[in-house]
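Note: hydrogens, waters and symmetry copies are ignored here, and every other heavy atom, side chains too, is used. Only a predicted model underlies this, so the values are computations on that prediction, with no experimental measurement involved. Proteins get letters first, then strands, A, B, ... in listed order; numbering begins at 1 in each.
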Amino acid sequence: MINQELAKIFNDIARFLRIENVAFKPYAYEKAAISLEDLKDDVAQIYIQGGRKALEEISGIGKAMSDHIEEYIKTGKIKLYEEFKKGLPVNMDELTRVEGLGPRKVKVLYQKLGIKNLKDLEKAAKKHEIAPLFGFGETTENNILQGIEFLKHSKGRSLLQDILPVAREVLKVLEQLKEVQRASLAGSLRRRKETIGDVDFLVVSKNPKKTMDFFVALPGVQKIWGKGGTKASVHVKGGFDMDLRVVPEKSYGSALQYFTGSQAHNIATRKIAIDKGLKLSEYGVFKGSKQIAGKTEEDVYKAIGLPYVEPELREDQGEIDAALHGALPKLIELKNIKGDLHVHSNWEEADGGKSSIETLAKQAMELGYEYIGISDHTKDLKVETSLNEKQLLQENEYIKKLNAKFLAEGQKFRILHGCEANIRKDGSIDIDDDVLEKLDYVIASVHSVFKMDKSQMTNRIEKAMQNPNVDIIGHPTGRIVNQREEYQVDFDKILKIAKETGTILEINSSSRLDLRDLYIRRAKAEGVKMVINTDTHQKNQMYLMEYGVAQARRGWAEKDDIINTLPVEQLLKNLK
DNA sequence: GCCGTTTTCGGCCCGACTGTTTTCAGTCG
């Protein structure tokens with residue numbers, strides 16, 4: 001996929017244009033870049049199939065952008081970009097990642113000191129060559145050094161599931177402060193993005209200074225980045241930033257709306273306000289100089305003529321239009337989930353990190369589930385607990401006994417027996433059909449040979465879906481967030497076959513987060529049913545369900561799109 | 001450079017903080 005490469009180039013061009021004080025164009029290039037980043041299809045494919053016309057149907061892509069894209073596909077280069085780079089041959093992307101350094105300062109640093117990259121920058125700062133420059137100074141030089149240091153330790157964007165628990169701890173502490181009246185998470189964390197850049201908190205406080213002093217003294221804080229009258233920013237151990245904003249009660253809703261973002265959603269909502277002769281900012285909704293809303297988010301949306309929009313939808317991906325037409329989805333919630341169908345066990349005895357089936361069942365009961373599905377790996381995957389036909393049948397007997405025991409104890413809980421079988425290279429399943437038939441359900445997943453060409457991989461998965469015993473395709477695109485790209489597959493075809501065969505697609509809650517949000521939305525649009533599973537391998541991973549549900553919400557999924565919201569008998573009817 | 005259920009031309013979100021050039025440009029979210 002060249003989408004990301006092009007997005008980076010467009011972002012760079014936007015920076016070059018900003019240096020030259022060109023009005024509005026940078027914004028257009030940035031918009032085009034965002035559009036490409038969010039695009040689920042390969043832009044080269046779009047061009048090959050539909051030409052320039054198809055390109056220009058992408059939002060933010062007009063004549064000039066499609067020129068650039070065509071040029072890049074044909075020659076691997078964009079002339080305009082090459083010329084900009086000739087005039088300022090620096091690693092713009094790398095340098096502007098240093099906090100406080102933008103394109104203009106980068107240009108000055110290149111012209112005066114010949115700084116081209118992070119290494120040059122660090123050297124110059126250490127030799128105190130930066131401070132004497134016009135427009136710079138001691139503080140700026142120190143900030144640059146610290147910014148570089150932070151970048152070195154920064155892991156980039158962290159996984160939501162690593163950050164949210166930490167952020168909740170901090171939020172809890174803030175909420176317990178006597179002077180704090182209200183507190184919330186904001187930013188991409190509140191929107192439950194897959195990865196998080198920094199953590200935003202918003203509070204209303206009777207004593208803003210005291211609250212901010214407390215915040216910057218939290219354990220784990222390594223550096224106070226900034227502290228003003230309403231905002232404090234810190235770097236913390238683990239390589240990420242936390243921001244705290246203190247706002248007045250009467251602006252809490254508009255501030256929360258603003259700091260939750262996304263930026264694109266904010267711009268869209270502000271435009272709607274303008275159309276209505278209003279002004280929307282973090283301080284409220286204003287008619288002239290009079291504030292007409294701002295205390296709660298609901299009020300803010302209402303004042304500009306919209307119903308409340310759930311944070312997970314705020315990406316300017318059609319939610320504004322849906323809101324205007326009363327067509328917002330009623331998103332699935334964690335409490336709708338009645339069971340987890342992708343759980344690995346060490347089926348007889350607890351051992352190492354894994355749990356016995358009985359332990360897992362008890363955990364599921366504690367989560368309020370009505371059922372759990374045990375789905376151990378099968379024989380082709382050479383892991384300790386992968387099962388062959390004979391072992392699967394033994395496991396089946398064992399589960400029957402456990403269910404009988406629960407029944408005798410009066411427990412209204414059921415263990416379903418499945419497996420996570422392997423889809424072989426040729427699309428066949430590594431367990432005999434007469435054994436698969438005896439299980440309550442079968443998940444089939446790709447665990448090997450990821451690098452196939454698109455049509456081969458599509459045929460491989462299609463063949464698995466055609467198997468009458470395969471109910472669910474596990475982690476359907478093979479991606480792992482921050483670790484592995486998805487394999488090449490024709491997702492439209494997968495949806496079509498899933499629909500025809502009644503095969504369910506998994507939303508995997510682990511760090512795979514596969515399906516990704518845009519695919520969930522497409523599956524929903526095609527009427528393909530999904531299941532949200534945790535893929536639990538270690539003790540206590542069933543709590544990950546919340547992240548799969550968040551992913552589903554970002555994909556606009558409703559309760560009816562997800563089969564494990566159903567009671568057990570209905571669930572079984574929805575399987576093949 | 002892009003876009004249009006009031007526009008094919010005339011708009012394009014809004015405000016705070018920082019450092020330094022002391023009145024504002026650059027950067028950030």
Record whether the side chain of A:Y258 comes under 3.5 Å of the base of B:dG29 through a donor-acceptor pair of N or O atoms.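 Donor-acceptor pair under 3.5 Å: yes.
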Sort out the partner of B:dG1 for me: Watson-Crick or G-U wobble, both distances under 3.5 Å, none otherwise. B:dC12
Just call it for [X]: base, sugar-phosphate, or nothing, with non-hydrogen atoms closer than 4.0 Å on any strand.
| X | value |
| --- | --- |
| A:D243 | nothing |
| A:K105 | sugar-phosphate |
| A:E30 | nothing |
| A:T269 | nothing |
| A:K31 | nothing |
| A:P26 | nothing |
| A:G135 | base |
| A:V98 | sugar-phosphate |

Both conditions, 6.0 Å and 45 degrees, for the charged tip of A:R554 above the ring of A:Y519: are they met here?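 No.
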So, OP1 or OP2 of [N]: does either fall under 4.0 Å of a side-chain N or O from [X]?
| X | N | answer |
| --- | --- | --- |
| A:K279 | B:dG15 | yes |
| A:N143 | B:dG19 | yes |
| A:R270 | B:dC14 | no |

Roughly how many Å apart are B:dT6 and B:dG11, using the C1' atom of each and rounding to a whole number? 14 Å
Between B:dC9 and B:dC14, how far is it from one C1' atom to the other, in whole Å?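 That atom pair is separated by 25 Å.
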Whole angstrom is fine here: how far is it from NZ in A:K63 over to P in B:dG1?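 Computing the A:K63:NZ to B:dG1:P distance gives 9 Å.
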Would you say A:V203 and A:F215 make side-chain contact, with heavy atoms under 4.5 Å?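 In short, these two side chains do not touch, never coming nearer than 4.5 Å.
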Could you tell me whether the side-chain ring of A:Y27 sits stacked on the base of B:dC12, using a centroid cut-off under 5.5 Å and a plane angle under 30°? no
Could you check if the base of B:dT7 is syn or anti? Syn means the glycosidic torsion is within 90 degrees of 0.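 What B:dT7 shows is a syn base, its glycosidic angle lying within 90° of 0.
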Residue pair A:Y72 / A:E5: nearest heavy atoms and the distance that separates them: OH-OE1, 2.7 Å
Keeping A:Q291 on the side-chain end and A:K250 on the backbone end, is there a donor-acceptor pair under 3.5 Å? yes
What's the separation between atom OG1 in A:T296 and atom OH in A:Y308, rounded to the nearest 0.5 Å? 9.5 Å
